[in-house]
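Whatever order the structure lists them in is the order used to number ligands and atoms, beginning at 1.
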Amino acid sequence: MLALGLAAVLSVLATQVAANTFPQNQVPLTGNTQHDESTTAEQPNIVFILTDDQDLQMQSMDYLPLIKKHLRDQGTFYKRHFCTTALCCPSRVSLWTGKAAHNTNVTDVNPPYGGYPKFVSQGLNENYLPIWLQDAGYNTYYTGKMFNAHTVENYNSPHVAGWTGSDFLLDPYTYSYLNSTYQRNHEAPVSHEGEYSVDVLAEKAYGFLDDAVSAGRPFFLALAPVAPHSNLNVSLVNGFAELGTAIFSAPIYAERHAHLFKDVKVPRPDNFNPDRPSGSNWVKKLPKLSEEISVDELVDGVVSRLADYGILDNTYIIYTSDNGFHIGQHRLRPGKECGFEEDINVPLIIRGPGVPQDFVTDIVTTHTDLAPTILDLVGRKVPETAHLDGEAIPLTISGISDATKTRHEHVNVEYWGFAIAEGRKFPGHENRWWNNTYKALRIVSDSWNLYYSVWCTNEHELYDLNTDPGQLINLLSHDEQSTAAPTYIQGYSLEKVAARLDSVLFVLKSCKEETCVHPWRALHPAGNVENLMDALSSRYDQFYMQQQARIEFDRCENGYIVDAEGPQFEKDGLVDRHGLSWSEWA
Ligand SMILES: *[C@@H]1O[C@H](CO)[C@@H](O)[C@H](O)[C@H]1NC(C)=O
Ligand SMILES: *[C@@H]1O[C@H](CO)[C@@H](O)[C@H](O)[C@H]1NC(C)=O
Ligand SMILES: *[C@@H]1O[C@H](CO)[C@@H](O)[C@H](O)[C@H]1NC(C)=O
Ligand SMILES: *[C@@H]1O[C@H](CO)[C@@H](O)[C@H](O)[C@H]1NC(C)=O
């Protein structure tokens, strides 16, 4: 291929694009292409389904039989998939740009720290996945919720870029299941009062699918229904949906589904409204509390249409959610925004050519890995300007099998601002908690299953999910329950483990690109430490326990204000500015 002249390549491309057929060797532009050279002859289509606030931990997937039939049974379930910021807008921006929130600086749902205007002002509207896909010859379509603070007032200043066809839900009606407003291409917004939002979306989705097929090019179609997010009655204040005054209520199902969930209850594991408080900071102070199917049909509708068009075998379907959700765990009223497993572990199911069927893997993947995965699928080289922080997810049996040995085991979770209870308001009870700013790390491997976090109040948490899946015993807390807890994990002292976790999180909290994927290499440039187990070698005790900088906040801020966040890896390097050992410091 390299021997071909550019003009020749372009003309081949043009012909093939028109025919929706690419020669198998036309696009091995990345070193890590997903395609087995001998199999794929056509550039695949991709359908991406993004639900809103769908947990994995509360077993919501059990109630979605058509998703099971079409996706789970026909594809691979990545059960260790995580969002990196458990809030809609930052999470969606990370997903569509392939960057951690600290590199997009879209960290909230509304300005000044987040929302659609912040996405635009950060230059991301010109530099994200759909634009890269269009450059790769794809037609791109989107319907549903794009970002928060994308409103009936600002939708055209500027329009969202990158979509061949689009029909967006707009605020303040995004979460109004029975009174949504959609805005198509560059047209004016249209109210769908009295119609069920997910059904409206399904019709739009099928329309785009028809358009995509008749255009005869490979396509990327993204569907982002609001289900199962809470219903929200809110108005714009100074241009944006003001959550503090919003009225949240349970998500509304379509009339035809009213009989389905009568006996469904939130599962009640030991962290459900526990007798003792758990967590740190505001979570620990919570008082004990005194006490979702149209997406399924949408998937069925899309899959049967793909089959009717005869293109199902050349289409990847990716199913995930922007973030998770908690109801009652840790005494939390309905919401997200925390680092607990309910909030960060989200479904990811992928089916498509070469993807193992009825297969479950526990390799660690995150939302920042999805853009690189999709670029890989379409054979698009990562653009110079993309600065992706993730790594493509393997989609073949051999790729997944290699990854179980070599893929990283960490997830970098981050959050800034406040948390909000989405249930009804209880008089005299807090509805919004400030100082919900933290850095966190999940480590998941055959040996380890840890969650470590440092709050802006400098409180620390460490949970061993192997022995404490409900995250009820903070091993770094000094309260009665925790001091009775083990002081060793896997034979290593807590102090040793925590020192390593803190150092790698210190690197991750401001990492860029490669360093986000391989943070241990930044600590060990010789490349002989790739994971926690390697780093626990006693020869590094001095290095980790006495020489390393610690994560430390100077104060709590509601956005990514660097000078509130203590020493920085790039600027301050590795050595602790206080010269304290881990035990003196912790
Ligand atoms: C539905 O939304 C429209 C704006 O699109 C608004 O004018 C109308 O009052 C809303 N209806 C209800 C019942 O809230
Ligand atoms: C939304 O809330 C406003 C103000 O509380 C109320 O007047 C209106 O009826 C509510 N709309 C719906 C559709 O519940
Ligand atoms: C937030 O944390 C700061 C310490 O950074 C503390 O002074 C302040 O009282 C806390 N605010 C709330 C609302 O808890
Ligand atoms: C992130 O955005 C906020 C709000 O515009 C700004 O104050 C802050 O300095 C930005 N942070 C970084 C690291 O650029």
Peer 1: Identify, by atom number and element, the atoms of ligand 4 in contact range of Ile561, meaning under 4.0 Å from any of its heavy atoms.
Peer 2: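 Every atom of ligand 4 under 4.0 Å from some heavy atom of Ile561: 7 (O).
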Peer 1: Do the side chains of Glu513 and Lys99 get close enough for a salt bridge, i.e. N-O under 4.0 angstrom?
Peer 2: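 The answer is no: the pair does not qualify as a salt bridge.
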Peer 1: Side chains of Thr385 and Asn127 only: does a donor on one sit below 3.5 Å from an acceptor on the other?
Peer 2: yes
Peer 1: So how far is it from Leu209 CG to Thr143 OG1, rounded to the nearest 0.5 Å?
Peer 2: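 Atom-to-atom, Leu209:CG and Thr143:OG1 are 12.5 Å apart.
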Peer 1: Could you identify the single nearest non-hydrogen protein atom to atom 9 (O) of ligand 4 and state the distance to 0.1 Å?
Peer 2: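 Of every protein heavy atom, Tyr560 O, 4.1 Å lies nearest to atom 9 (O) of ligand 4.
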Peer 1: Under the ring-ring contact (aromatic ring centres under 6.0 Å, His included) criterion, do Tyr128 and Trp96 qualify, and how do the steps go?
Peer 2: CA-CA 6 Å; Tyr128 76 127; Trp96 296 126; 7.8 Å; no
Peer 1: How does Thr107 reach ligand 4, by side chain, by backbone, by both or by neither, if only non-hydrogen atoms under 4.0 Å count?
Peer 2: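 Neither part.
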Peer 1: In terms of relative ring orientation, are Tyr452 and His460 parallel, tilted or perpendicular, with 30° and 60° separating the classes?
Peer 2: tilted
Peer 1: For ligand 4, which atoms sit closer than 4.0 Å to a heavy atom of Tyr113?
Peer 2: 3 (C), 4 (C)
Peer 1: Where the closest heavy atom to atom 2 (O) of ligand 4 is concerned, which of Asp563, Asn105, Asn103 has it?
Peer 2: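 Comparing heavy atoms across Asp563, Asn105, Asn103, the nearest one to atom 2 (O) of ligand 4 lies in Asn105.
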Peer 1: State the atoms of ligand 1, each with its element, that fall below the 4.0 Å cut-off from a heavy-atom position in Ser191.
Peer 2: 5 (O)
Peer 1: For atom 1 (C) of ligand 3, which candidate among Asp554, Asn458, Asn436, Asn435 provides the closest heavy atom?
Peer 2: Asn435
Peer 1: Enumerate the atoms of ligand 4 whose separation from the nearest heavy atom of Val562 is less than 4.0 angstrom.
Peer 2: 13 (C)
Peer 1: Can you name the atoms of ligand 1, numbered from 1 with element, that are less than 4.0 Å from a heavy atom of Thr181?
Peer 2: 5 (O)
Peer 1: In terms of the angle between their ring planes, are Phe147 and Phe119 parallel, tilted or perpendicular, with boundaries placed at 30° and 60°?
Peer 2: tilted
Peer 1: For residues Lys439 and Trp416, determine if any side-chain heavy atom of one lies less than 4.5 Å from a side-chain heavy atom of the other.
Peer 2: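 Touching, per the 4.5 Å side-chain cut-off.
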Peer 1: Quick one: does Lys118 get an N or O within less than 3.5 Å of an N or O on ligand 4?
Peer 2: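 There is such a contact, yes.
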